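First the structure, in the form of structure tokens, and then the observations on it.
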Protein chains: 2
Amino acid sequence: MVATETSGVRGRRRSFDVDEAVETAMRLFHARGYDAVGVAELGTELGIKPPSFYAAFGSKAGLFERALRRYAAGEANIFARAQAEGGSMAEVIERTLLLAARLYPERDGVAGCLVLDGARNSADPVACALAETMRKAGVAAIRDFIATEQPERADALADFIAITMKGMSAAARDGMGEDALTVVARMAGRAFRRELAAEG
Amino acid sequence: MVATETSGVRGRRRSFDVDEAVETAMRLFHARGYDAVGVAELGTELGIKPPSFYAAFGSKAGLFERALRRYAAGEANIFARAQAEGGSMAEVIERTLLLAARLYPERDGVAGCLVLDGARNSADPVACALAETMRKAGVAAIRDFIATEQPERADALADFIAITMKGMSAAARDGMGEDALTVVARMAGRAFRRELAAEG
DNA sequence: GATAAAATGTAGTGATCGCTATATAAATCC
DNA sequence: GGATTTATATAGCGATCACTACATTTTATC
């Protein structure tokens, strides 16, 4: 058996690719939620046995945390991606929602947002706390961004965007497709614009 | 031991109040989600043993179905309540969202909407199908209502309202309070009004 | 009160949960 | 190559999952 860990610089040598394992776990947690994916199934899908699993990740929640971080650091960070393209505040916000409409629909059994819905209804308080922390960080970034131009109404406007995204994630998990989500994203984008224009 | 079933006319006599049991189960499912509430806990909370449980409800999913129906037949049917008060279409829709903002925040450990989030991430396909059926019925009622005046845009507008409600339910389960939810509900109500005025 | 019917309590089914103790195999170091 | 360290596989931990067979008690009927 050969050590195949080529990506991570830190960490001990393992006979399996840790990053690849996190990727697989991310997909499983995303598809069915934290509680519905068991350690036995993770071991099978990852091709490792329980001791290796716990040596590498500490616990099921530990792997979930790594999956969450990987998720948030990739293409799922739609607000950062929208921000990177520049434009006005309203453009960035609407672009965020449109990216959600493209990212959230079901693909290969995966739908919605892992951070928003991955630990929904989970009985594990650790998993819930991990997801909550990342949710709060996400909405805080949006709030701070809005506050640069609208400090008074940043909370309310950020709440509106956060609720729209949570609703889009839930709707995608309930089967809504990209077209319908895009229509709603545009509506919410217009609403955001109009709220800005109303009293700005 | 005395037969205490006074409410239901049909059904066999039981030593416990079936309606009261459904109410208790509804609260438990609502608070933590379908999968996180076990039959053992239900039996304890309901004060009955497994055989009585299965004689009365058939299965855990059977009890969940009764809980869902009871939930949807009560004060949680916010769209029907909003419709009953009359007014314009926009008024009815905004009233629906404002009722959600009052109903969804956490009270006694219960938050959000049981239909929208009670079976979220559940591994039980029966429970998921039951909730999905009720979700579709709910959004269909809103769509049909909108279609009486806006047949062309009924689907899109109903999707927008459905997503807003799903987002509000998720946000409430994530800890958002009535005040913040109300602010967002008003924003969404204004957005709905403006969409109507835009091209009506 | 005897009999038939029905609901209940006791106990336990096999399966799965997250997780780990122990032992073996592999890789590293000198 | 021998010794030490590290990661692996085997097997199983106690707990909980939804659910049920069986015996008993309670209820209803006559």
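This one's a predicted model, so the numbers in the text were calculated from it and none came from an experiment. Naming convention: chains lettered A, B, ... in sequence-line order (proteins, then strands); numbering from 1 in each chain.
When the side-chain nitrogen and oxygen atoms of B/Ser52 are compared with OP1 and OP2 of C/dA7, none of them lie within a distance under 4.0 Å. A sub-4.0 Å separation between OP1 or OP2 of C/dT20 and a side-chain N or O of A/Tyr54 is absent. The shortest distance between the side-chain N/O atoms of A/Lys60 and the OP1/OP2 oxygens of C/dG18 is below 4.0 Å.
The salt bridge (charged side-chain N to carboxylate O under 4.0 Å, His left out) pairs that include a residue from residues 134-144 of chain A are A/Glu132-A/Lys136, A/Arg135-B/Asp174, A/Arg143-A/Asp155, where partners are two or more places apart or lie in different chains. The salt bridge (charged side-chain N to carboxylate O under 4.0 Å, His left out) contacts involving residues 40-53 of chain A comprise A/Arg32-A/Glu41, where partners must be two or more places apart or lie in separate chains.
Between A/Arg70 and A/Glu65, no side-chain nitrogen of the basic residue sits less than 4.0 Å from a carboxylate oxygen of the acidic one, so the salt-bridge criterion is not met. A salt bridge does not link B/Arg190 to B/Glu94: none of the charged nitrogens lies less than 4.0 Å from a carboxylate oxygen.
Partners of A/Ala162 according to the side chain to side chain contact (heavy atoms under 4.5 Å, CB included) rule, which considers only residues two or more places apart in sequence or in another chain, are A/Val139. Applying the side chain to side chain contact (heavy atoms under 4.5 Å, CB included) criterion to A/Arg27, with sequence neighbours excluded, gives A/Thr24, A/Val110.
The aromatic rings of A/Phe29 and A/Phe64 lie perpendicular to each other, with more than 60° between the two planes, well past the 30° mark.
Rounded to whole Å, atom P of C/dT10 lies 18 Å from atom CZ of B/Phe53. Here the C1' atom of nucleotide C/dA7 and the CZ atom of B/Phe57 are 14 Å apart, to the nearest Å. The NZ atom of B/Lys49 sits 19 Å away from the C1' atom of C/dA6 (whole-angstrom rounding). For B/Ile48 and D/dA18, the CD1 to P distance is 14 Å, given to the nearest whole Å. Remark: P of C/dG18 and CG of A/Leu63 are 11 Å apart, rounded to the nearest angstrom.
For the pair B/Tyr71/B/His30, a side-chain contact is recorded, criterion being any heavy-atom separation below 4.5 Å from C-beta on. With contacts defined as side-chain heavy-atom distances shorter than 4.5 Å, the pair B/Tyr104/B/Met165 qualifies.
Applying a 4.0 Å cut-off to non-hydrogen atoms, none of the residues of residues 32-45 of chain A approaches DNA chain D.
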Using a cut-off of under 3.5 Å, enumerate the N/O to N/O pairs linking the protein to nucleotides 12-14 of chain C.
none

